[in-house]
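Read through the structure below, which is laid out as structure tokens, and then see the notes.
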Amino acid sequence: VVSGPLTTRLGVAAGGAWSGSRQFSRELAPSTRSTLASGFAHVTMSASPVREWRALGWLQRAERPFQEWQAFQDPVSATRDTAVHVQSTWEERPSSGWRWRAFGGFTQRARTHAFGVPSVVLERISDGTVPAVIDEAAERTTRRLAGGVRLMPAAAPSRHRAEFGVEVDSASTTARD
């Protein structure tokens, strides 16, 4: 983790991690490997005493043995998950008048599989339900995009504050065999 001001107007916090493991199972001929890597960064920039921009980014990638490898008869098959998130805010805080901020963000998660045999052999009694196995094998991508604006009237001598805003949000998921 690294954190601190870069200049009088610019600050950053960033970090990352990686881990890996190996496992030997009687059912698998080779040992299996799992890895996880992630990183993040947060940047703050003060354009002036009343204007500030903030951004946060996060990335993660994981790889593990494919859960349904026995049904696909592929002991070296793997599942990869990749996720990314980015969000940002621009904020204006004038000493008098309305305060406001605009913000937006994007998130995506993608799951892919690497296996050599695209066919599957199932015995419903011992392997479980067919839809569960097929669902696990599907590659999918999920996305979310959001944004908005918030307005706050000038501070009044009260414990309560009104805030007005508009937000837009869109989400999607795609899956393929």
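From a predicted model like this one, the values you see are computed outputs, not experimental measurements. For the numbers below, each heavy atom of this structure counts, side chains included, while hydrogens, waters and symmetry mates do not.
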Separation between OG1 of T173 and CZ of R144, rounded to the nearest 0.5 Å = 12.0 Å
Count the heavy atoms belonging to other residues, nucleotides or ligands that lie under 6.0 Å from CZ of R93, then report whether that count exceeds 12.
-> yes
Does W53 belong to the same Ile/Leu/Val/Met/Phe/Trp/Tyr cluster as F106, with side-chain heavy atoms less than 4.5 Å apart forming each link?
-> no
Interatomic distance, CZ@R111 vs OG1@T142, rounded to 0.5 Å, equals 9.5 Å
Reported CZ-to-CZ distance for the pair R140 and R109, which is rounded to 0.5 angstrom = 7.5 Å
Between E63 and A78 the two heavy atoms that sit nearest each other are OE2-CB, 3.8 Å
Spacing of OG1 belonging to T44 relative to CZ belonging to R9, to within rounding of 0.5 Å = 14.0 Å
Distance in Å, R61 CZ paired with L36 CG, rounded so as to fall on 0.5 Å steps | 11.0 Å
Do we see a donor-acceptor contact under 3.5 Å between the side chains of T35 and W18?
-> no
Just how far is it from atom OG1 of T107 to atom NE2 of H85, taken to the nearest 0.5 Å?
-> 4.5 Å
Do side-chain atoms of T79 reach the backbone of H113 as a donor and acceptor pair under 3.5 angstrom?
-> no
W98 reachable from W100 in the ILVMFWY side-chain graph, under 4.5 Å edges | yes
Transitive ILVMFWY side-chain link L6 to M45, under 4.5 Å | yes
Kindly give the cluster partners of W58, where membership spreads through any ILVMFWY side chain lying under 4.5 Å from a current member.
-> F40
Do the non-hydrogen side-chain atoms of W90 and E92 ever get within less than 4.5 Å of each other?
-> yes
Kindly indicate whether the side chain of F103, heavy atoms from C-beta on, has any atom under 4.5 Å from the side chain of Q87.
-> no
Can you name the nearest heavy-atom pair linking A162 to P153, along with the distance?
-> O-CD, 3.2 Å
Is there a chain of hydrophobic side chains (I, L, V, M, F, W, Y, each step under 4.5 Å between heavy atoms) that links F164 to M152?
-> no
Sidechain N-carboxylate O distance under 4.0 Å for R161, E163 = no
Heavy atoms, side chains only, cut-off 4.5 Å: are S88 and R54 in contact?
-> no
Here the pair of heavy atoms bringing A110 nearest to T141 is CB-OG1, 3.9 Å
